[in-house]
Chemist: 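So that we are looking at the same thing, I have put the structure below in structure tokens.
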Amino acid sequence: LRKALDQGEFRVYYQPIVSLQTGKITGFEALTRWQRPEGILSPIEFIAVAEEIGLIIPMNRQLLREACEHLRSWQSEFPSSPPLTMSVNVSSREFAQPDLTSEIRKSLEQTGVDPGCLQLEIIETIAMGDAEKSGHVLSQLKALGVRLSIDDFGTGYSSLSRLRRIPVDTLKIDRAFILHMDSDPESREIVRIIIMLAHNFGLKVVAEGTETEEHINLLKQLNCEMAQGYFFSRPADDQAMLKLLEGNHSTRAASVGH
Ligand code: C2E
Ligand code: CA
Ligand code: CA
């Protein structure tokens, strides 16, 4: 992994996040890939080790820089209101770094990205972990002006009273609930309740892992704001995203349910 980092073998892939109301791409999630001579390796295979040996920190620093550079260039080529956003995952190791906020500020300054266009995704167990510590980190990040999402929502344990108080903007519903939404009434009910809860707390909702037209229709009925998944696009490189942006007036969500 160390050698791969030195030799620049990590690639950033992107997956569009689409507004269910307009059918347009509102932003992207940056996802790491390891480009080896044998082929591309998924982060599931190496993120845990990178985290364990601390390499996740320089890796994600590099990813953030590159993702911000791409975002800047897409924002200027495809101006929109509100502007396109970039979501990045914050690992537990990074979350515990005292210099996390200053590192992010540096990347934003160096790339000229508006902090409000960066969305940090933090999994539920970390965001909801040790109340005092995580609350402090979240407030610091919020003060920087970035947006915060709780990732994989529904899989951990959230204290509802804390969810109300922590400065998050978005909940991302874990794809396990979306996957069975069309066949399993219980999953559908969970999705409905999460969306209702989020809206009551003034939060927006992104559904992950949307694969079918049926998923999109159900989510639209439930007033879910945004979706991300294979239905729109698999994660792919920046060139592929550029092509999607060029056709952004006509993504598939626009035609669904009409
Ligand atoms: P995640 O943050 O929940 O990312 C979403 C994952 O869902 C991605 O897997 C994406 O490819 C996959 N996905 C998206 N749409 C669909 C769909 O319609 N169906 C299905 N079955 N899957 C879908 P990926 O890229 O393999 O990443 C796995 C996990 O690795 C991520 O889960 C995230 O926790 C972690 N990860 C990836 N890149 C980074 C990174 O740069 N930094 C950190 N800290 N973690 C990362
Ligand atoms: Ca994520
Ligand atoms: Ca997720």
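As the structure lists them, so they are numbered: ligands from 1, and atoms in each ligand from 1.
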Chemist: Could you tell me whether the Ca ion (ligand 3) has an N, O or S atom of Glu121 under 3.0 Å away?
Modeler: no
Chemist: Of the protein's non-hydrogen atoms, which lies at the shortest distance from atom 29 (C) of ligand 1, and what is that distance?
Modeler: Pro43 CG, 4.5 Å
Chemist: Between the candidates Ile123, Thr212, Thr155, Asn60, which shows the shortest non-hydrogen contact distance to atom 42 (N) of ligand 1?
Modeler: Asn60
Chemist: Counting distance only, does the side-chain N/O of Glu94 pair as donor-acceptor with the main-chain N or O of Ser91 below 3.5 Å?
Modeler: yes
Chemist: Using non-hydrogen atoms of the residue, decide whether Met59 is closer than 4.0 angstrom to ligand 1.
Modeler: no
Chemist: What protein heavy atom is closest to atom 21 (N) of ligand 1, reported as residue, atom name and distance in Å?
Modeler: Glu211 OE2, 3.2 Å
Chemist: Which of the listed options, Phe10, Tyr230, Phe232, holds the heavy atom that is closest to atom 18 (O) of ligand 1?
Modeler: Tyr230
Chemist: Mind reading off the angle at the Ca ion (ligand 3) between the OD1 atom of Asp151 and the OE2 atom of Glu208, rounded to 10°?
Modeler: 90°
Chemist: Report the nearest protein non-hydrogen atom to atom 31 (C) of ligand 1: residue, atom name, distance rounded to 0.1 Å.
Modeler: Leu31 CD2, 4.4 Å
Chemist: How about Asn89: does one of its N, O or S atoms come closer than 3.0 Å to the Ca ion (ligand 2)?
Modeler: yes
Chemist: Who's closest to atom 7 (O) of ligand 1 heavy-atom-wise, of His215, Arg175, Glu208?
Modeler: Arg175
Chemist: Protein non-hydrogen atoms only, distance under 4.0 Å: does atom 34 (O) of ligand 1 have such a neighbour?
Modeler: no
Chemist: As a test of the contact definition, would atom 9 (O) of ligand 1 count as having a protein heavy-atom neighbour under 4.0 Å?
Modeler: no
Chemist: Any heavy-atom pair between the side chains of Ile122 and Ile150 that's under 4.5 Å?
Modeler: no
Chemist: Of Thr32, Ile57, Ile56, which has the heavy atom at the shortest distance from atom 41 (O) of ligand 1?
Modeler: Thr32
Chemist: Among side-chain atoms of Thr170 and Gln119, is any donor-acceptor pair under 3.5 angstrom?
Modeler: yes
Chemist: Just to check, does Glu29 reach to within less than 4.0 Å of ligand 1 when the distance is taken from its heavy atoms?
Modeler: yes
Chemist: Would you find a donor on one side and an acceptor on the other, under 3.5 Å apart, between the side chain of Glu208 and the backbone of Gln228?
Modeler: no
Chemist: Relative to the Ca ion (ligand 3), which of the N, O or S atoms in Asp152 is the closest?
Modeler: OD1
